[in-house]
Amino acid sequence: MPELPEVETIVRGLRPTLTGKTIERIRVLHRDVLRQPPRDFSARLRGRIFESVDRRGKNIVLHMTGGVVLVVNLGMTGRLVWARPEARTTHPAVRFTLNAGPALVYDDVRRFGRLEAMEEAEWALRDQRLGPEPLSSTFTARRLHADLSRSISPIRSWLLDQRRVAGVGNIYANEALHLAGIHPQRSPKSMTEGEARKLHRALRRTLRSAVENRGTTLRDYRDASGNPGENASRLRVYGRGQEPCLRCSTRICRLVFGNRAAFYCPRCQPFESGTTA
Ligand SMILES: [Zn+2]
């Protein structure tokens, strides 16, 4: 599932070409990816110009003229790509014909992704419900520690909650916890200021380097041009159950809770705090 680094990479790939383009025609091939009737969706967007191409959490946020915002959540397998042969779109769901250049295609094999056209005010409300951007200057270690102190759900689940921190999914939650030396089932409330600082630093480092590597492609993720990301070979624990920890060679454990697999090193990430080797 695309997380902050993947969505950021897509947005950066779209921005230079998409900004200033006009939507001339919209073809909805699979209406189930829309949160509104196709007629309403098209009426809100047709003739509008892309003013800016942004990201908020895991959402692609396209601000259009006329105070309309097109929000794209890629779900599990969604892609927003230029309609060029090399993008190899296999399951196009929505096609936007622009006034110049290639069309923009929303492609989605499993169709868990969603597109919605809404007013700026509606988007502002949704935006408010999302947690801080982990790479922004307002996301500080102090703020993280204060937010952690209010929760007893396992830290890995806490990190996946978009109302706590926006943009983090299962891959980078696991990666950051390993880097910080924190067990995925630790209670956020039990964390010391020092641990919060470590987690803060680990989250930012993990996400930043994944953005530099253009995201993690395990299977479906592609950037706006249809290219896979290069971060998969850098993963320290995610998907590496039974393989040796890169830091201490202990076998990585895989543990399922909250319906998702967690990966961690039992030596580098002991359950009890303050016992790290
Ligand atoms: Zn280890």
- [ ] Would you mind reporting whether F41 and R31 have side-chain heavy atoms less than 4.5 Å apart?
- [x] no
Task: Path from M64 to V94 over hydrophobic side-chain contacts below 4.5 Å - done: yes
Open item on the list: So L74 and R79, do their side chains get closer than 4.5 Å, heavy atoms only?
Closed with: no
- [ ] Would you please test Y221 and E3 for side-chain hydrogen bond (donor to acceptor under 3.5 Å, both in side chains) and show each step?
- [x] CA-CA 10 Å; Y221 160 70; E3 304 180 26; over 6 Å; no
TODO: Quick one: list whatever passes side-chain contact (heavy atoms from CB on, under 4.5 Å) with T140, sequence neighbours left out.
DONE: R142, R143
Task: Donor-acceptor under 3.5 Å (T97 side chain, A103 main chain) - done: no
TODO: Tell me, yes or no, whether the heavy-atom count around L125 atom CG, taken from other residues, nucleotides or ligands under 6.0 Å, exceeds 12.
DONE: yes
Open item on the list: Between Q162 and G167 (side chain of the first, backbone of the second, donor and acceptor by atom type, cut-off under 3.5 Å), is there such a pair?
Closed with: yes
TODO: Report the C-alpha distance between Y238 and T216 in whole Å, list the side-chain angles of each, state the deciding distance to 0.1 Å, and finish with yes or no for side-chain contact (heavy atoms from CB on, under 4.5 Å).
DONE: CA-CA 11 Å; Y238 187 84; T216 300; over 6 Å; no
Open item on the list: Test of understanding: clusters of I, L, V, M, F, W, Y form through side-chain heavy atoms closer than 4.5 Å, transitively. Do F263 and I171 belong to the same one?
Closed with: yes
Task: Linked hydrophobic residues, M1 as query - side chain contacts closer than 4.5 Å - done: M76, F112
TODO: May I ask you to decide if D127's main-chain N or O and R56's side chain share a donor-acceptor pair within less than 3.5 Å?
DONE: yes
- [ ] Salt-bridge test for E119 and R44: reply yes if a basic N is under 4.0 Å from a carboxylate O, no otherwise.
- [x] yes
Task: Heavy-atom check, side chain of P154 versus side chain of R186, under 4.5 Å - done: no
- [ ] Find the distance between CZ (R150) and NZ (K189) and round it off to the nearest 0.5 Å.
- [x] 11.0 Å
Open item on the list: Test of understanding: clusters of I, L, V, M, F, W, Y form through side-chain heavy atoms closer than 4.5 Å, transitively. Do I60 and I23 belong to the same one?
Closed with: yes
Task: Heavy-atom closest contact (P134 atom, F139 atom, distance) - done: O-CD2, 3.2 Å
- [ ] Could you grab the distance from atom CG of L34 to atom CD of E116, nearest 0.5 Å is fine?
- [x] 9.5 Å
Task: Nearest non-hydrogen partners of T9 and G215, listed with the distance - done: OG1-N, 3.9 Å
Task: Ion pair E175/R234, N-O distance below 4.0 Å - done: no
Open item on the list: Looking at N59 and V71, would you say the former's side chain and the latter's main chain have a donor-acceptor pair under 3.5 Å?
Closed with: no
TODO: List for me each residue that meets side-chain hydrogen bond (donor to acceptor under 3.5 Å, both in side chains) alongside Q36, sequence neighbours excluded, and say none if there are none.
DONE: D40
TODO: Measure the shortest side-chain to side-chain distance between I182 and Y264 over non-hydrogen atoms and say whether it is less than 4.5 angstrom.
DONE: no
Open item on the list: Could you check whether any side-chain N or O of S151 sits under 3.5 Å from a backbone N or O of S153, counting only pairs where one atom can act as donor and the other as acceptor?
Closed with: yes
Open item on the list: For the OG atom of S149 and the CE atom of M191, what is their distance to the nearest 0.5 Å?
Closed with: 11.5 Å
- [ ] Please report the closest heavy-atom contact between L80 and I10, naming both atoms and the distance.
- [x] O-CG2, 4.0 Å
Task: Closest non-hydrogen atom pair, A166 against G131 - done: CB-O, 3.5 Å
- [ ] Taking D161 for its side chain and R163 for its backbone only, find out whether a donor-acceptor pair lies under 3.5 Å.
- [x] yes
Open item on the list: Would a single hydrophobic cluster contain both L159 and L235, if residues Ile, Leu, Val, Met, Phe, Trp and Tyr are joined by side-chain heavy-atom contacts under 4.5 Å?
Closed with: yes
- [ ] Could you tell me whether the side chain of R114 and the main chain of D32 form a donor-acceptor pair under 3.5 Å?
- [x] yes
- [ ] Looking only at non-hydrogen atoms, find the nearest pair between K58 and G169 and report the distance.
- [x] NZ-CA, 3.9 Å
Task: Donor-acceptor contact present, side-chain T77 to main-chain R110, <3.5 Å - done: yes
Task: From CD (Q269) to SG (C253), nearest 0.5 Å - done: 9.5 Å
Task: Nearest-0.5 Å distance, CH2 of residue W82 to OG1 of residue T89 - done: 13.5 Å
Task: P2 to G75 - nearest heavy-atom pair and separation - done: CD-O, 3.3 Å
Task: Same apolar cluster (I L V M F W Y, side chains within < 4.5 Å links), L70/V33 - done: yes
- [ ] Evaluate the side-chain proximity of V168 to L4: yes if any heavy-atom separation is below 4.5 Å, no if none is.
- [x] no
Task: Donor-acceptor contact below 3.5 Å, side chain E133 vs main chain G57 - done: yes
Task: Side-chain donor/acceptor of R156 to backbone N/O of A261, under 3.5 Å - done: yes
Open item on the list: Test of understanding: with side-chain hydrogen bond (donor to acceptor under 3.5 Å, both in side chains), list the residues that count as partners of E122, not counting sequence neighbours.
Closed with: R126
Task: Check: F50 and L14 side chains under 4.5 Å, non-hydrogen atoms - done: no
Open item on the list: Taking side-chain contact (heavy atoms from CB on, under 4.5 Å) as the definition, give me every residue that meets it alongside P92, ordered by chain and number, with sequence neighbours left out.
Closed with: L29, V105, D107
Open item on the list: Does the plane of the ring in H183 sit parallel, tilted or perpendicular to the ring in F271? Use 30° and 60° as the thresholds.
Closed with: perpendicular
Open item on the list: Could you measure the distance from the CG atom of L62 to the CZ atom of R15? Nearest 0.5 Å is fine.
Closed with: 10.0 Å
Task: Note, N99 side chain near K21 side chain (heavy atom, < 4.5 Å) - done: yes
TODO: Determine whether L246 and R240 make a side-chain contact, defined as any pair of heavy atoms from C-beta on separated by less than 4.5 Å.
DONE: yes
- [ ] State plainly whether the residues E8 and R12 are in salt-bridge range, i.e. N to O under 4.0 Å.
- [x] yes
Task: Pairing residues for H178 by the side-chain hydrogen bond (donor to acceptor under 3.5 Å, both in side chains) criterion, not counting sequence neighbours - done: R236
